[in-house]
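Encoded as structure tokens, the structure appears first; notes follow it.
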Amino acid sequence: MKKICVIGTGYVGLVTGTCFADLGNQVTALDVNEEKIRDLQNGIMPIYEPGLAEMVERNVRAGRLSFTTSYKEGLKDAEFAFICVGTPEGVDGEADLRYVRAAAESIAENMDHPLIVVNKSTVPVGTGDWVADIIASKQPKPIDFAVVSCPEFLREGVAISDFMHPDRTVLGSTNPRAMEAVAQLFLPLRAPIMMTDLRTAEMIKYASNAFLATKISFINEISIICEKLGADVIEVAQGMGFDKRIGPHFLQAGVGYGGSCFPKDVKALAYMAQTHGMHPQLLTSVMEINEFQRRHVALKLHDLLGEIQGKTIGLLGLAFKENTDDIRESPALAIARHLLEQGAHVKAYDPEAMENSRRAVPEIEMCPDAYKVAENADALVVVTPWNEFKQLDMVRVRDSMKQPILVDGRNIYEPDTMKSLGFIYRGVGRGYDGNGIERSAAD
Ligand code: UDX
Ligand code: UDX
């Protein structure tokens with residue numbers, strides 16, 4: 001059993017702290033947001049993540065997990081301090097490290113015994129050294145510490161499973177003993193533990209996310225070519241995936257990737273390259289294709305509806321992906337904003353993300369369910385592939401719409417089935433796309 005302080009109770013910190021507690025460790029989860037900590041102390045979750053509420057409750061009840069806003073209290077007796085604060089996109093795409101700096105400074109000012117500081121937040125290559133410099137410079141008196149990079153590979157919506165069943169744990173440090181100590185925390189997970197230097201560990205995180213984003217932009221570009229050439233991208237992806245060098249995962253064409261990671265991490269990696277005089281052509285193309293893909297879905301609506309002005313358009317889903325309430329860089333909200341700018345009336349339903357979305361785009365008419373979204377709509381767009389959209393009563397949906405136009409941005413329906421029901425159906429890359437969508441020269 002180890003004593004761990006986790007700093008930041010967001011999508012990464014709260015899952016990390018709770019899972020460490022579930023493995024039998026003593027965890028204090030710290031956040032500067034007093035409201036969040038008060039809610040957590042009252043059993044109210046600040047985020048939606050399947051299975052998290054129950055796991056938090058169980059570990060709080062067992063006395064393994066507690067919450068605080070005080071660094072003195074959080075670091076008391078702790079052997080490890082995990083930095084899990086957000087690293088949002090800054091200007092020019094550079095990662096904004098102000099929260100990492102604040103956490104490092106607070107650790108330095110409040111530690112009263114040797115500590116292993118673990119960077120779990122996604123931080124630019126070289127940040128580990130930077131965090132060490134901050135701590136060394138801010139300590140009132142020198143106390144031993146080490147910095148270890150331990151990048152997170154958690155997908156929202158399946159974060160607990162990803163924590164408990166990692167493909168690998170990556171550790172980076174100049175201090176082998178500290179790395180060994182952190183490795184002990186992950187031994188129960190029985191997954192490969194890779195130990196390397198700080199910069200390499202930080203680069204593994206960026207390169208992994210950038211590669212996954214590249215795979216998504218690749219299949220999205222293929223999907224548009226499929227629409228021109230009459231091929232079905234779902235079967236193309238299936239055929240590709242049998243090749244072990246390609247694999248079947250992350251080849252679902254759709255509305256483009258969103259979330260708090262891929263968009264900012266690809267930008268940050270490109271920025272790091274550019275500040276060292278490089279021109280990261282592939283990363284730049286990955287971002288351009290991703291931007292176009294969400295516009296591609298909106299262009300289908302223009303193609304099908306002609307005039308968007310004054311039309312009612314229903315969106316199924318608002319979160320950036322299924323099984324989360326996270327709307328950061330959500331393609332659904334980008335599409336909603338575009339349609340509102342074109343003078344459309346936008347209705348939407350999302351099982352978890354409506355509260356967050358209402359604050360972000362108040363002009364959207366929120367509906368209690370998918371059927372209400374379809375009522376009197378000129379077109380319906382699937383933007384987040386929630387399971388509950390997959391077996392809707394589509395006859396009821398069709399009969400309640402003004403026009404049976406269905407744009408399936410996530411290919412959750414079968415084109416032939418929808419067309420036989422009388423829908424004017426457009427998927428993404430599902431064979432010829434009617435009149436087809438020309439990429440404008442600007443793209
Ligand atoms: C995580 C990782 O930290 C980030 O590197 C990755 O790129 C995205 O996922 P996330 O958990 O999504 O970030 O961030 P967020 O949900 O914003 O939570 C960060 C938490 O840190 C917030 O609750 C915030 O209040 C807290 N915080 C911020 C602190 O506790 N201290 C600070 O100084 C700043
Ligand atoms: C991602 C990485 O997967 C994870 O390893 C890292 O730690 C954090 O960033 P996350 O962003 O939570 O996780 O979700 P993910 O499932 O990777 O989806 C990212 C985006 O890509 C979502 O918008 C999703 O809808 C989209 N996506 C994913 C596709 O469009 N097609 C796919 O095949 C897979």
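In what follows, residues are counted from 1 in the order of the sequence shown. Order of listing sets the numbers, starting from 1, for every ligand and every atom in it.
- Here the protein heavy atom with the shortest distance to atom 19 (C) of ligand 1 is Gly86 N, 3.4 Å.
- Aromatic pair Phe186/Phe20: centroids less than 6.0 angstrom apart.
- When hydrogens are left out, the protein atom nearest atom 11 (O) of ligand 2 is Phe320 CE1, 3.7 Å; that is the closest non-hydrogen contact.
- Between the CZ atom of Arg295 and the CG atom of Asn290 there is a distance of 10.5 Å, given to the nearest 0.5 Å.
- Distance from atom 24 (C) of ligand 1 to its nearest protein heavy atom, with residue and atom name: Asp31 OD1, 3.5 Å.
- The local environment of NZ in Lys215 is crowded, with over 12 non-hydrogen atoms from other residues, nucleotides or ligands closer than 6.0 Å.
- Evaluated by nearest non-hydrogen atom to atom 32 (C) of ligand 1, the leading choice among Thr9, Val32, Ile47, Ile7 is Val32.
- If you look at Ser121 next to ligand 1, the close heavy atoms, those under 4.0 Å, come from the backbone and the side chain alike.
- When only non-hydrogen protein atoms are considered, atom 18 (O) of ligand 1 lies nearest to Gly10 CA, 3.2 Å.
- Expressed to the nearest 0.5 Å, how far CD of Glu352 lies from OG1 of Thr384 amounts to 12.0 Å.
- Proximity of Leu189 to Met164: side-chain heavy atoms (C-beta onward) are separated by under 4.5 Å at one or more points.
- Short contacts between ligand 1 and Thr122, defined as distances under 4.0 Å to a heavy atom of the residue, involve ligand atoms 4 (C), 5 (O), 6 (C), 7 (O).
- Residue Gly258 places a heavy atom under 4.0 Å from ligand 2.
- Among Glu89, Glu156, Glu329, the single residue meeting the side chain to side chain contact (heavy atoms under 4.5 Å, CB included) criterion with Ser260 is Glu156.
- Any N or O atom pair closer than 3.5 Å counts here, and Tyr257 shares no such pair with ligand 2.
- Within the 4.0 Å heavy-atom cutoff, Lys120 does not count among the residues contacting ligand 1.
- Among the atoms of Gly259, none of the N or O lies under 3.5 angstrom from an N or O of ligand 2.
- Nearest protein neighbour of atom 28 (C) of ligand 2, counting heavy atoms only, is Ile216 CD1, 3.6 Å.
- In Glu35, neither the side chain nor the backbone holds a heavy atom less than 4.0 Å from any atom of ligand 1.
- Of the listed options Ile37, Val85, Asn33, Val6, Val85 places a heavy atom closest to atom 27 (N) of ligand 1.
- Near Tyr99, meaning under 4.0 Å from any of its heavy atoms, are these atoms of ligand 1: 33 (O), 34 (C).
- Neither side chain, Lys205 nor Ser149, offers a donor N or O lying under 3.5 Å from an acceptor on the other.
- Of the N or O atoms in Arg410, one or more lie within a sub-3.5 Å distance of an N or O in ligand 2.
- Ligand 1 lies out of reach of Arg98, whose nearest heavy atom is not under 4.0 Å from it.
- Closest to atom 15 (P) of ligand 1 among all protein heavy atoms lies Arg328 NH1, 3.8 Å.
- Atoms of ligand 1 found under 4.0 Å from any heavy atom of Cys84, numbered from 1 in the order shown, are 3 (O).
- When each of Asp39, Asn33, Asp31 is checked for a side-chain hydrogen bond (donor to acceptor under 3.5 Å, both in side chains) with Thr9, only Asp31 meets the rule.
- Heavy atoms of Leu154 found under 4.0 angstrom from ligand 2 belong exclusively to the backbone.
- Per-residue contacts place Leu251 under 4.0 angstrom from the following atoms of ligand 2 (heavy atoms of the residue considered): 33 (O).
- Remark: of the listed residues Ile7, Val148, Val118, Val118 is the sole one forming a side chain to side chain contact (heavy atoms under 4.5 Å, CB included) with Phe82.
- Contacts of Glu152 with ligand 2, taken as heavy-atom pairs under 4.0 Å, involve both backbone and side chain.
- Within the model, atoms CZ of Phe153 and SG of Cys261 stand 11.0 Å from one another, a figure rounded to the nearest 0.5 Å.
- For Lys36, every heavy-atom contact with ligand 1 shorter than 4.0 Å involves the side chain, none the backbone.
- Considering all non-hydrogen atoms of both residues, Ala344 and Ile313 come closest at CB-CD1, 4.1 Å.
- When hydrogens are left out, the protein atom nearest atom 31 (N) of ligand 2 is Gln252 O, 3.0 Å; that is the closest non-hydrogen contact.
- For atom 9 (O) of ligand 2, the nearest non-hydrogen atom of the protein is Cys261 CB, 3.1 Å.
- Among Asp408, Asp416, Asp232, the one residue that satisfies the salt bridge (Lys or Arg N to Asp or Glu O under 4.0 Å) test with Arg430 is Asp232.
- Expressed to the nearest 0.5 Å, how far CG of Leu65 lies from CG of Leu14 amounts to 7.5 Å.
- Against a heavy-atom cut-off of under 4.0 Å, Ala102 is close to the following atoms of ligand 1: 33 (O).
- Between the side chain of Asn59 and the backbone N or O of Arg64, no donor-acceptor pair lies under 3.5 Å.
- No N or O atom of Leu212 sits closer than 3.5 Å to an N or O atom of ligand 2.
- Remark: Ala191 engages Pro166 in a side-chain contact (heavy atoms from CB on, under 4.5 Å) (not counting sequence neighbours).
- Among the atoms of Val12, some N or O lies under 3.5 angstrom from an N or O of ligand 1.
- The pair Glu227-Arg426 fails the salt-bridge criterion, with no side-chain N (NZ, NE, NH1 or NH2) lying under 4.0 Å from an Asp/Glu carboxylate O.
- Closest protein heavy atom to atom 8 (C) of ligand 1: Ser260 OG, 3.6 Å.
- Neither the backbone nor the side chain of Ser106 has any atom closer than 4.0 Å to an atom of ligand 1 (non-hydrogen atoms only).
- Counting only distance, with no hydrogens or angles, the side chain of Thr18 and the backbone of Val15 share no donor-acceptor pair below 3.5 Å.
- Looking only at protein heavy atoms, the nearest one to atom 12 (O) of ligand 2 is Glu156 N, 2.7 Å.
- Residues Arg58 and Glu54 are paired through a salt bridge, judged by an N-O separation under 4.0 Å between the basic side chain and the carboxylate.
- Residue-to-ligand polar distances keep Phe262 apart from ligand 2: every N/O pair is separated by 3.5 Å or more.
- Listed by number with element, the atoms of ligand 1 under 4.0 Å from a non-hydrogen atom of Lys264 are 6 (C), 7 (O).
- Here's the thing with Tyr71: none of its N/O atoms is less than 3.5 angstrom from an N/O atom of ligand 1.
- To the nearest 0.5 Å, atom CG of residue Asn119 and atom CG of residue Leu171 are 12.0 Å apart.
- Of the listed options Lys205, Lys321, Arg155, Lys205 places a heavy atom closest to atom 6 (C) of ligand 2.
- Using a 4.0 Å cut-off to heavy atoms of Gly8, the atoms of ligand 1 that qualify are 20 (C), 21 (O), 26 (C), 30 (O).
- With respect to atom 17 (O) of ligand 2, the closest heavy atom belonging to the protein is Phe250 CZ, 3.3 Å.
- Remark: His302 pairs with His338 by the ring pair (Phe, Tyr, Trp, His ring centres under 6.0 Å) rule, at least two apart or across chains.
- Contact between Leu269 and Ala210 at its shortest, heavy atoms only, is CD2-CB, 3.7 Å.
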